[in-house]
There are 2 protein chains.
Amino acid sequence: MEPDRWLGLDLRHLIALKAIADEGSFGRAAGRLGYTQSAISQQIATLERVVGLRLIDRPGGPRPISLTEAGRILLRHVEAIEARLFAAKADMEALEAGDAGRLRVGTFQSVGARVLPTLLRRFGQEHPRVEVVLQEHAEEDELLELVERGALDLTFMTLPVERRPLEELELLRDPYVLVVPAGSPLAALKRPPTMKEIALQPLVGFNKCRAMDGVETQLASSGRAPNVVFRSDNNGTVQGLVGAGVGVSVAPLLTVDEDDESTVVIDLAGRVPARVIGLVWHRDRHRSPATEAFIATATTVCRELASTRVAA
Amino acid sequence: MEPDRWLGLDLRHLIALKAIADEGSFGRAAGRLGYTQSAISQQIATLERVVGLRLIDRPGGPRPISLTEAGRILLRHVEAIEARLFAAKADMEALEAGDAGRLRVGTFQSVGARVLPTLLRRFGQEHPRVEVVLQEHAEEDELLELVERGALDLTFMTLPVERRPLEELELLRDPYVLVVPAGSPLAALKRPPTMKEIALQPLVGFNKCRAMDGVETQLASSGRAPNVVFRSDNNGTVQGLVGAGVGVSVAPLLTVDEDDESTVVIDLAGRVPARVIGLVWHRDRHRSPATEAFIATATTVCRELASTRVAA
DNA sequence: CTTTTCGATCATGGAACCTGATCGCTGGCT
DNA sequence: AGCCAGCGATCAGGTTCCATGATCGAAAAG
């Protein structure tokens with residue numbers, strides 16, 4: 001019932017353990033935390049006294065230290081506790097800043113162009129008092145980082161995401177299509193082109209799109225290494241290059257402007273597994289009514305969008 | 001990056017918040033934690049100073065206090081952190097006590113009689129150095145409690161379990177059967193009896209079997225209130241009473257001795273959803289190799305048991 | 001053998017914390 | 001209305017605990 005002297009221990013002791021594990025030395029850990037080496041040494045000493053087990057192997061001399069079995073196990077708990085503490089801090093700061101106020105949402109290009117306009121308009125009508133602050137970032141990992149740190153309340157993301165303290169919800173599946181210049185022989189085919197036929201073409205690709213990598217490896221594994229002649233991160237640029245006859249492009253449908261006269265969009269008929277777009281948020285953070293509402297609206301908007309696309 | 005002064009706060013501050021929330025008063029919280037009311041007051045004051053928000057509404061006078069919105073949100077984080085701390089403590093103690101040693105497993109009667117013997121024999125052969133300590137308890141909730149507190153490493157349980165910090169694994173489905181005295185007219189039926197026919201019989205039931213409650217409510221909802229003439233917690237007693245003609249019993253197959261000549265076991269053909277038996281453990285605790293091995297062995301043993309039963 | 005690196009140890013000054021007493025406030029009791 | 005009881009806030013004081021800075025010991029590198 002009473003956790004003995006465990007409650008007497010200080011969070012700093014646990015953080016010290018983590019710092020040591022990260023830095024690999026008492027001294028460097030002390031530097032990072034703004035303490036003296038002596039202080040760290042004593043903190044670990046008391047921590048080990050409380051726990052009753054040796055947590056760190058000190059071989060002595062200038063040899064590097066290492067965590068014991070117990071230390072490694074405890075470290076995982078410490079990391080979880082620290083993460084939860086960050087989440088708490090983020091919640092408190094959000095509560096302090098805007099009461100029912102701001103909702104900070106991360107996005108990336110292809111979502112921004114298609115889904116967001118309708119979603120934001122709808123959400124603005126339904127919840128006029130909530131101010132949505134968007135943050136676009138090319139690196140999806142950066143967005144996850146921000147969510148973990150509590151700098152974002154939600155983010156759009158390509159699923160699945162395997163990071164631990166996150167929860168995800170699938171919104172829609174965005175199939176990959178082949179974009180070719182108007183008049184390309186591939187456009188004249190009655191059937192969807194094979195992977196090998198695509199790999200024979202000069203390709204225009206994206207720089208750093210997580211899902212793109214998967215497509216390229218699949219192309220590569222289909223025999224011949226794909227010949228990527230140009231890369232860009234801008235959807236319009238890629239499509240423009242395709243239209244100019246530089247090459248063809250395998251791209252998520254949402255990133256393609258289907259009204260562009262200079263290009264033709266060819267369905268890949270599921271040859272490439274569709275990109276799954278969803279929302280991701282911090283599992284441990286408080287979900288405000290505004291957050292829940294945003295998730296709900298996003299769900300319905302995307303369901304509508306998916307059904308109209310099927311109809312069209 | 002640096003969590004400001006958040007790391008300066010003491011675990012006791014957080015625990016104080018929880019104690020206050022539980023007890024509903026600064027004074028009682030102080031008593032529970034072995035402090036003075038003054039100390040608690042100051043702890044909360046510093047906590048609120050660090051957080052920057054008022055966490056507790058003090059109406060003044062003898063009126064009861066209440067948590068603010070921020071307080072409630074923070075409390076949930078505190079509970080998670082405290083739970084994680086308990087898990088860490090349990091892990092450390094387990095590590096301290098027996099190195100690869102003891103494995104503490106919770107059971108209840110029906111599992112104990114059928115599954116455990118084979119499982120323990122097998123596990124003992126495969127892992128002779130692990131000492132398995134069994135703890136049987138009639139109240140399944142108690143078992144869960146022990147797992148949460150870290151007093152047990154694993155427990156058998158009727159699934160599903162909705163408690164939060166637990167993880168579960170389904171082992172086998174144990175169908176409900178009707179046990180009637182030999183020569184009962186119900187035994188002569190070609191078809192499984194209906195719920196109503198069962199409800200008309202005098203019933204012998206269990207006192208506190210979580211799954212049993214579900215069966216009885218289903219019987220009750222089938223029109224007529226079931227007539228329970230006797231209750232016992234001992235499987236043998238129940239079956240003995242049935243054999244003596246006191247009544248019939250709806251019981252999980254595993255609790256029934258099918259070789260008992262005085263009773264007949266009738267398949268209910270899925271009229272009652274089967275009881276799901278599985279293993280439950282603390283999600284946040286370290287799973288030692290011994291734990292993993294036990295889970296693995298239990299899985300295979302139960303799979304074998306299920307297939308032989310289907311064959312028979 | 002010396003040097004260097006790193007953690008352990010020790011005494012000291014200072015900060016934080018708990019205690020005990022007191023005050024202010026509010027609602028209920030008479 | 002007035003008194004009292006219950007509860008939290010506040011304050012001064014003493015103690016404990018903790019970080020500092022210097023020093024020591026051990027082990028590898030040169």
Side-chain angles (χ1 to χ4, degrees), chain A residues 2-68 70-71 75, chain B residues 2-68 70-71 75:
Chain A
E2 21 111 24
D4 318 81
R5 38 190 204 278
W6 272 72
L7 292 185
L9 59 74
D10 207 316
L11 278 173
R12 280 165 297 137
H13 298 165
L14 302 177
I15 301 299
L17 179 68
K18 184 171 144 59
I20 291 175
D22 287 347
E23 301 286 344
S25 126
F26 280 47
R28 278 192 295 279
R32 181 165 104 177
L33 299 177
Y35 287 133
T36 327
Q37 170 263 326
S38 172
I40 297 293
S41 196
Q42 291 177 64
Q43 285 184 1
I44 295 298
T46 60
L47 184 58
E48 284 178 334
R49 189 156 32 80
V50 168
V51 169
L53 290 170
R54 179 150 278 245
L55 298 172
I56 299 180
D57 264 335
R58 299 89 145 169
R63 276 173 297 186
I65 61 176
S66 62
L67 292 186
T68 66
L75 179 61
Chain B
E2 20 109 27
D4 318 84
R5 39 190 204 276
W6 273 72
L7 292 186
L9 58 75
D10 208 316
L11 278 174
R12 284 165 294 137
H13 298 163
L14 302 177
I15 302 299
L17 179 67
K18 184 172 143 58
I20 291 175
D22 287 347
E23 301 286 345
S25 125
F26 279 49
R28 277 192 297 278
R32 180 164 105 179
L33 299 178
Y35 288 133
T36 331
Q37 169 262 326
S38 171
I40 298 293
S41 197
Q42 293 175 61
Q43 286 184 2
I44 296 297
T46 60
L47 184 59
E48 285 178 332
R49 190 156 34 79
V50 169
V51 170
L53 290 170
R54 179 149 278 244
L55 298 172
I56 299 179
D57 264 334
R58 299 95 146 163
R63 277 170 296 186
I65 62 177
S66 63
L67 293 185
T68 64
L75 178 62

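This one's a predicted model, so the numbers in the text were calculated from it and none came from an experiment. Below, chains carry the letters A, B, ... as their sequence lines are ordered, and counting in each starts from 1.
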Could you walk me through whether A:Thr68 and A:Ile56 pass side chain to side chain contact (heavy atoms under 4.5 Å, CB included), step by step? CA-CA 5 Å; A:Thr68 66; A:Ile56 299 180; 5.7 Å; no
To the nearest Å, give me how far apart [atom1] ([X]) and [atom2] ([N]) are.
X       : N      : atom1 : atom2 : answer
B:Asp57 : D:dC7  : CG    : C1'   : 15 Å
B:Ile20 : D:dC7  : CD1   : C1'   : 12 Å
B:Arg49 : D:dT10 : CZ    : P     : 12 Å

Report the C-alpha distance between A:Leu17 and A:Leu67 in whole Å, list the side-chain angles of each, state the deciding distance to 0.1 Å, and finish with yes or no for side chain to side chain contact (heavy atoms under 4.5 Å, CB included). CA-CA 9 Å; A:Leu17 179 68; A:Leu67 292 186; 4.1 Å; yes
Quick one: which residue pairs count as a side-chain hydrogen bond (donor to acceptor under 3.5 Å, both in side chains) with a foot in residues 31-40 of chain A, not counting sequence neighbours?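 Pairs touching residues 31-40 of chain A that pass the test: A:Asp22-A:Arg32, A:Glu23-A:Arg32, A:Ser38-A:Gln42.
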So where does chain A start and stop touching DNA chain C, 5' to 3', when the test is distance under 4.0 Å to a non-hydrogen atom?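 Range of nucleotides touched by chain A: C:dT5 to C:dC10.
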Do the non-hydrogen side-chain atoms of A:Leu9 and A:Thr46 ever get within less than 4.5 Å of each other?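 The answer is no, as the side chains (C-beta and beyond) never meet within the 4.5 Å cut-off.
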Are any non-hydrogen side-chain atoms of B:Glu48 and B:Ile44 less than 4.5 angstrom apart?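 In short, these two side chains touch, coming nearer than 4.5 Å.
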Contact pattern, 5' to 3', of nucleotides 14-26 of chain D - B, S or - by protein heavy atom under 4.0 Å: ----SBBB----B
Given A:Trp6 and A:Val51, is the side chain to side chain contact (heavy atoms under 4.5 Å, CB included) satisfied, shown in steps? CA-CA 8 Å; A:Trp6 272 72; A:Val51 169; 4.2 Å; yes
Would you give the length of the straight line joining atom CZ of A:Arg12 to atom CG of A:Leu47, rounded to the nearest 0.5 angstrom?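 The distance works out to 12.0 Å.
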I'd like to know whether B:Ile65 forms a side chain to side chain contact (heavy atoms under 4.5 Å, CB included) with B:Ile20, so could you lay out the CA-CA distance, the side-chain angles of the two residues, the decisive distance to 0.1 Å, and finally the verdict. CA-CA 9 Å; B:Ile65 62 177; B:Ile20 291 175; 3.4 Å; yes
